[in-house]
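The block underneath contains the structure these notes are about, expressed in structure tokens.
All residue numbers in this chain count up from 1 along the given sequence.
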Amino acid sequence: MQKLFSGVQPSGNLHIGNYLGAVKQWVALQEQSESILCVEDLHAITVPQDPEVLRKKTLEIAKIYLASGIDPAKSTLFVQSHVSAHSELAWILNTIARMGDLDKMTQYKDKSQKEGETTSIGLYDYPVLMAADILLYDTEVVPVGDDQLQHIELARTLARRFNERFGETFVVPEGRIQKEGARIMGLDDPTKKMSKSAPSEYNYISLTDDEETVLRKVKKAVTDSGTDITYSDDRPGLKNLINIYSLFGDKTPDEIVTMYEGQGYGAFKTGLASVISGFLTPFQERLAAISDDEVKAILEAGAVKARAQAEAKMKQVRERVGLL
Ligand code: AMP
Ligand code: TRP
């Protein structure tokens, strides 16, 4: 079975882009993979977090994994900070990572622009911690949205560099993106990806939005000039909506275009909102039914399993590096 690792940070509200780009893939892949799924709390604190909110969000993300169909009997589910090997390996990888590797990271460039001189060292070092997450578990595949591919490339570079210097230790992982879900675009601006930090709530549909909110946001979504439903690159707004429809409705874009032939945007948007809510409503019911205690027990059991694997790898790493 292939070894899979992925994670999401517990910051902001997860939106349908996160679900379609990342979590949905994990659910499908857990059948054929040895999956390790992490709530990346140490990554979240690279930008200021309210401690109380962070604690709440950490549990909420884990509940979202479960409500999406992640099965703790098949996947190991844990919180990053519960396995201290992540921080320890990140430190060691820091000593082989180069400023030149990190200076070109576009996510850092974007985020640090906003924060200027107050940007934390942690934010700069974020991709090294991410490499540690991945490399600790002999990960072969890392399913993510396409914005994370550059970080995975760094994990590959560091694995190779470490192996060359200290002997074969790490598996070189592969990033994996899903064709249509790889980049869900903003509903109010189809030239930029859907983002939880977007200034307008009309940019995204949150996983906790109710039916009325979904309909309101879909109705307001930017479409392009023209009145018929077609799927093409010249109509990026409509193309994005058809992609979302396709992923939630399990239909190909062509099937959707055929379904709405001769009908206008109104019918298409009502149909789209109902397909999204058709997923979200039962998802939210499952989410509400999971208690804090239940999820804490699952995370604790997951940490025990993850710790054992991570510790075995760290033993090897310390030895290779020459730590007594
Ligand atoms: P983030 O929101 O940056 O914490 O991302 C969590 C996961 O969701 C990562 O795997 C991202 O690549 C993925 N993701 C975030 N935004 C989108 C989007 N608009 N479309 C597809 N995947 C996304
Ligand atoms: N940086 C990822 C994101 O923003 C989250 C993440 C942290 C991650 N560590 C990871 C994803 C390891 C995959 C593998 O989405």
Mark yes or no for whether Ser291, through its side chain, and Glu294, through its backbone, hold a donor-acceptor pair below 3.5 Å.
yes
Are Met130 and Met99 co-members of a hydrophobic cluster defined by side-chain heavy atoms under 4.5 Å apart?
yes
Note, Ile256 side chain near Tyr231 side chain (heavy atom, < 4.5 Å):
no
Between the side chains of Thr191 and Asp189, does any donor sit under 3.5 Å from an acceptor?
yes
Regarding Ser246 and Asn243, is there a side-chain donor-to-acceptor distance under 3.5 Å anywhere?
no
Co-membership, hydrophobic cluster, residues Met105 and Leu129, 4.5 Å side-chain:
no
Quick one, Tyr137 and Leu4 - any side-chain contact, counting heavy atoms below 4.5 Å?
no
Residue pairs, two or more places apart or on separate chains, that pass side-chain hydrogen bond (donor to acceptor under 3.5 Å, both in side chains) and touch residues 263-273:
Arg235-Tyr265
Taking the side chain as C-beta and beyond, is there a heavy-atom pair between Thr139 and Val171 under 4.5 Å?
no
Above 12 or not: heavy atoms from other molecules or residues under 6.0 Å from CD of Glu201?
yes
Asp210 side-chain N/O to Thr213 backbone N/O, donor-acceptor pair under 3.5 Å:
yes
Once rounded to the nearest 0.5 Å, what's the spacing between atom CG of Asp188 and atom CG of Asn203?
4.5 Å
Spacing of Ile276 atom CD1 and Thr281 atom OG1 [to the nearest 0.5 Å]
11.0 Å
Relative to the ring of Phe283, is the ring of Phe279 parallel (under 30°), tilted (30 to 60°) or perpendicular (over 60°)?
parallel
Shortest non-hydrogen pair, Ile61 vs Pro10, comes out as CG1-CA, 3.7 Å
Value rounded to 0.5 Å, distance of OH in Tyr65 from OG in Ser35:
11.5 Å
Is a side-chain N or O of Thr95 found less than 3.5 angstrom from the main chain of Ile92, in a donor-acceptor match?
yes
Enter the distance from Leu154:CG to Arg156:CZ here, rounded to the nearest 0.5 Å.
11.5 Å
Measure the shortest side-chain to side-chain distance between Ser206 and Leu14 over non-hydrogen atoms and say whether it is less than 4.5 angstrom.
no
Nearest 0.5 Å please: distance from the OG1 atom of Thr208 over to the CG atom of Leu287.
8.5 Å
Determine, step by step, whether Phe248 and Leu20 satisfy the side-chain contact (heavy atoms from CB on, under 4.5 Å) criterion, reporting the C-alpha distance in whole Å, the side-chain angles of both residues, the deciding distance to 0.1 Å, and the verdict.
CA-CA 8 Å; Phe248 279 119; Leu20 297 173; 3.8 Å; yes
Gln9 and Lys196 side chains, donor-acceptor separation under 3.5 Å
no
Those residues that, when tested against Arg286, pass salt bridge (charged side-chain N to carboxylate O under 4.0 Å, His left out) (two or more places apart)
none
Can you list everything that forms a ring-ring contact (aromatic ring centres under 6.0 Å, His included) with Tyr108? Sequence neighbours excluded, please.
Tyr124
Test log, rule salt bridge (Lys or Arg N to Asp or Glu O under 4.0 Å), inputs Arg55 and Glu52:
CA-CA 5 Å; Arg55 259 189 289 275; Glu52 215 33 69; 3.1 Å; yes
For Glu212, which residues count as a salt bridge (charged side-chain N to carboxylate O under 4.0 Å, His left out) partner, sequence neighbours excluded?
Arg216
Taking the six-membered ring for Trp, are Phe5 and Phe78 parallel (under 30°), tilted (30 to 60°) or perpendicular (over 60°)?
perpendicular
Output the distance between atom CD (Glu34) and atom CD1 (Ile36), rounded to the nearest 0.5 Å.
6.5 Å
Show me the pairs that pass side-chain hydrogen bond (donor to acceptor under 3.5 Å, both in side chains) and involve residues 24-33, at least two apart or across chains.
Gln2-Ser33, Ser6-Trp26, Gln30-Ser75, Glu31-Lys74
Step-by-step side-chain contact (heavy atoms from CB on, under 4.5 Å) determination, Asn13 to Leu207
CA-CA 8 Å; Asn13 286 326; Leu207 290 178; over 6 Å; no
Evaluation steps, side-chain contact (heavy atoms from CB on, under 4.5 Å), between Val142 and Gln148
CA-CA 10 Å; Val142 189; Gln148 295 301 315; over 6 Å; no
Mind checking whether Tyr19 and Val144 sit in one hydrophobic cluster, side chains of I, L, V, M, F, W, Y counted as touching below 4.5 Å?
no
For Lys305, is the NZ atom crowded, meaning more than 12 foreign heavy atoms sit under 6.0 Å from it?
yes
Quick note, side-chain hydrogen bond (donor to acceptor under 3.5 Å, both in side chains) partners involving residues 41-50, not counting sequence neighbours, are Asp41-Ser81, His43-Gln80
Lys217 side-chain N/O to Tyr204 backbone N/O, donor-acceptor pair under 3.5 Å:
yes
Quick one: does any side-chain atom of Asp209 pair with a main-chain N or O of Val214 as donor and acceptor, under 3.5 Å?
no
Candidate list Asp146, Asn240, Asp147, test side-chain hydrogen bond (donor to acceptor under 3.5 Å, both in side chains), partner Arg183, passing option:
Asp146
Distance-only, no hydrogens or angles: does the Thr157 side chain make a donor-acceptor pair with backbone N or O of Glu153 under 3.5 Å?
yes
Joint hydrophobic cluster, Leu77 plus Ile134, side-chain heavy atoms closer than 4.5 Å:
no
Classify the angle between the aromatic ring planes of Tyr245 and Tyr260 as parallel (below 30°), tilted (30 to 60°) or perpendicular (above 60°).
perpendicular
Here's a test for you: under side-chain contact (heavy atoms from CB on, under 4.5 Å), which of Asp233, Asp234, Ile244 qualifies with Lys239?
Asp233
Can you tell me if Arg176 has over 12 outside heavy atoms packed within less than 6.0 Å of its CZ?
no
Is the shortest side-chain N to carboxylate O distance from Glu88 to Lys313 below 4.0 Å?
no
Do side-chain atoms of Thr58 reach the backbone of Lys56 as a donor and acceptor pair under 3.5 angstrom?
no
Salt-bridge test for Lys63 and Glu60: reply yes if a basic N is under 4.0 Å from a carboxylate O, no otherwise.
no
If Ile, Leu, Val, Met, Phe, Trp and Tyr residues are connected whenever their side-chain heavy atoms lie under 4.5 Å apart, and connections chain through other members, are Val275 and Val23 in the same group?
yes
Are Asp110 and Gln107 close enough, and set up right, to give a side-chain contact (heavy atoms from CB on, under 4.5 Å), and what steps lead you there?
CA-CA 5 Å; Asp110 288 351; Gln107 184 171 305; 5.8 Å; no
Test item: Arg165 and Arg161 side chains (from C-beta on) under 4.5 Å apart, heavy atoms
yes
